[in-house]
Amino acid sequence: MENNAPGALLSSLTAFDPDLHENQYLVYFIIEKEIANTSMSMLFSINPENGNLYALKTFDYEIEKEFLFHIEARDSGSPPLSSNMTVHIIIVDQNDNAPVIVSPWRAHGSVVEEKIPRSTDKGSLVAKVIALDTDSVLNSRITYQILQVTDATLFSLDQYNGEIRTMRMFSSRDPRHQRLVVVAKDNGEPALSATVTIKLSTVETAVKAYSDMTEVPLEYDIFSDLNLYLVIGLGSVSFLLLITILVTIVIKCQKSNPSKATPPSRNSVISERNSTIGDNTLVSNDAYWYSLFLAETRKGKLVVRQPVPKGSRYIVSSIPRGTGLTDTSDSAASTLQVGLV
């Protein structure tokens with residue numbers, strides 16, 4: 001059996017020689033043989049006088065399961081005669097390894113947390129416990145049991161495959177958090193075991209549909225940091241584009257719509273002025289009006305400027321000499337008559 005003490009007696013071999021006296025004395029020894037670069041004389045020893053076979057080390061079934069070698073018995077005659085036999089050492093497994101839970105994985109001593117929809121149907125798989133045992137086939141057979149549970153009517157456990165399933169649907173009275181303690185036990189004698197604690201949390205299954213083919217859970221974080229930056233960038237670009245379009249439209253409108261003016265008459269010229277010169281003043285502040293004044297004067301005409309009511313526009317009229325002009329303005333309190341004799 002494995003885990004033996006070094007120097008433990010394994011077996012006793014006996015040979016018989018019918019010769020007499022010195023010829024019948026026998027000597028036992030191990031025929032050298034290497035297994036995995038290890039000599040048999042380093043693993044076993046035999047008493048050369050009585051044939052007792054001893055183990056020189058502790059064996060582990062999970063590493064070494066059997067050994068096969070030869071032992072020779074030789075007499076003391078001359079010439080010596082001998083005979084050999086095959087020794088087959090089989091290591092018997094001892095239940096020295098406890099099951100190890102590999103699923104659901106958790107750090108040592110921690111609790112496994114699982115989330116399941118609250119609308120889970122009856123018979124739905126909630127979790128599966130898997131444990132491994134490195135002992136022999138007989139000792140490594142695992143069975144599963146529920147050690148503790150919040151509600152015994154809610155969950156069931158398959159003792160052979162470790163599947164945890166719902167026995168019924170969740171009701172409004174069931175707590176949101178459920179706690180299960182599952183034990184995995186091997187088939188050794190004495191049996192060894194391992195436990196795992198599973199904390200189940202029920203969640204609502206409300207979803208928000210974004211399209212006919214795609215559904216996103218309601219708890220999905222739509223406004224994550226990356227999405228927020230994208231939205232801000234897109235909004236900024238759109239705002240600048242809108243401002244550019246508006247400014248372009250305003251500029252084009254100003255160029256395509258000329259200033260409103262009084263329809264020109266035969267002897268009148270209309271122009272916008274921002275001058276603050278008083279009424280009936282004949283002086284202009286640019287070269288154009290000065291040239292016009294000189295031209296009309298040479299023709300023997302008199303140039304008179306008249307303000308347009310409620311505006312900053314002026315009407316400049318050319319009058320033949322000897323003709324009188326009467327102009328009534330909303331900004332003037334009296335009537336101005338201009339004449340030249």
Side-chain angles (χ1 to χ4, degrees), residues 1-19 21-103 105-109 129-144 160-162 183-196:
M1 182 174 289
E2 68 172 335
N3 300 321
N4 59 287
L9 177 64
L10 300 179
S11 181
S12 181
L13 286 76
T14 302
F16 176 72
D17 192 328
D19 290 333
H21 306 297
E22 297 178 354
N23 292 335
Q24 68 178 352
Y25 294 116
L26 301 176
V27 177
Y28 302 91
F29 60 91
I30 298 175
I31 299 177
E32 284 296 335
K33 179 183 179 181
E34 290 187 358
I35 298 179
N37 297 326
T38 302
S39 175
M40 286 294 103
S41 59
M42 300 180 62
L43 301 176
F44 305 97
S45 70
I46 189 170
N47 190 316
E49 298 180 356
N50 56 24
N52 289 339
L53 183 65
Y54 300 93
L56 297 181
K57 61 170 290 187
T58 299
F59 298 106
D60 188 351
Y61 174 82
E62 286 72 39
I63 300 176
E64 304 154 325
K65 293 180 173 57
E66 61 180 0
F67 299 93
L68 190 66
F69 57 94
H70 299 278
I71 293 180
E72 183 177 304
R74 182 182 302 172
D75 64 16
S76 300
S78 182
L81 301 177
S82 64
S83 179
N84 61 66
M85 65 178 299
T86 301
V87 178
H88 189 191
I89 303 295
I90 299 175
I91 308 299
V92 179
D93 181 43
Q94 187 179 20
N95 191 32
D96 57 344
N97 295 293
V100 177
I101 295 177
V102 296
S103 178
W105 184 89
R106 87 278 188 218
H108 181 69
V129 180
I130 300 176
L132 299 179
D133 194 318
T134 57
D135 288 325
S136 65
V137 176
L138 183 62
N139 291 332
S140 63
R141 187 176 302 167
I142 305 295
T143 56
Y144 303 91
Y160 298 112
N161 58 25
V183 57
K185 187 183 298 184
D186 64 17
N187 197 41
E189 187 61 38
L192 301 178
S193 62
T195 60
V196 58

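- Tyr54 has its side chain within reach of Ser45: a pair of non-hydrogen atoms, C-beta onward, lies under 4.5 Å apart.
- From Thr195, atom OG1 reaches atom NZ of Lys185 across 12.0 Å, with rounding to the nearest 0.5 Å.
- The environment of CD in Glu32 is crowded: more than 12 heavy-atom neighbours from other residues, nucleotides or ligands sit within 6.0 Å.
- With hydrogens and angles disregarded, no donor-acceptor distance shorter than 3.5 Å links the side chain of Asn50 to the backbone of Leu13.
- Considering all non-hydrogen atoms of both residues, Pro99 and Ala131 come closest at CB-CB, 4.3 Å.
- Checking side-chain atoms of Tyr28 against main-chain N and O of Leu53 turns up no donor-acceptor pair under 3.5 Å.
- Between the side chain of Ser103 and the backbone N or O of Ile130, no donor-acceptor pair lies under 3.5 Å.
- Between Asn23 and Asp17, every side-chain heavy-atom pair lies at or beyond the 4.5 Å cut-off.
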Inset, instruction - Would you please test Asn97 and Leu192 for side chain to side chain contact (heavy atoms under 4.5 Å, CB included) and show each step? - result: CA-CA 7 Å; Asn97 295 293; Leu192 301 178; 5.7 Å; no

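- At a threshold of 4.5 Å between non-hydrogen side-chain atoms, the residues Tyr144 and Ile142 count as touching.
- Counting heavy atoms of neighbouring residues, nucleotides and ligands inside a 6.0 Å radius, atom NE2 of His88 exceeds 12 of them.
- The closest donor-acceptor contact from the side chain of Asn95 to the backbone of Asp135 lies at 3.5 Å or more, if one exists at all.
- Rounding to the nearest 0.5 Å gives a distance of 5.5 Å between CD1 of Ile89 and CG of Leu10.
- Looking only at side-chain heavy atoms (C-beta outward), Asn187 and Thr143 stay at 4.5 Å or farther from each other.
- One distance of note links CD1 of Ile71 with CG of Asn84; it measures 10.0 Å at 0.5 Å rounding.
- Between the side chain of Thr58 and the backbone N or O of Asn4 there is at least one donor-acceptor pair closer than 3.5 Å.
- Applying the side chain to side chain donor-acceptor pair (under 3.5 Å) test between Asn139 and each of Asp133, Asp186, Asp93, Thr134 identifies Asp93 as the sole match.
- If you take OG on Ser136 and CD on Glu62, they are separated by 8.0 Å, rounding to the nearest 0.5 Å.
- Using a 30° and 60° split on the angle between ring planes, Phe67 and Phe59 fall in the tilted class, from 30° to 60°.
- Looking at Ile30 and Ser41, their side chains never come closer than 4.5 Å, going by heavy atoms from C-beta outward.
- Side-chain contact between Asp75 and Leu26: present, with at least one pair of heavy atoms (C-beta onward) separated by less than 4.5 Å.
- Residue Ala73 comes nearest to Ala15 through the heavy atom pair CB-CB, 3.8 Å, listed as atom of the first residue, atom of the second, then distance.
- Side chains of Ile63 and Glu2 form no contact here, defined as non-hydrogen atoms less than 4.5 Å apart.
- Within the model, atoms CD of Glu66 and CD1 of Ile90 stand 6.5 Å from one another, a figure rounded to the nearest 0.5 Å.
- What you find for Thr38 and Met42 is that their closest heavy atoms are CG2-CB, 4.5 Å.
- Side-chain contact check for Val87 versus Phe44: every heavy-atom pair is 4.5 Å or farther apart.
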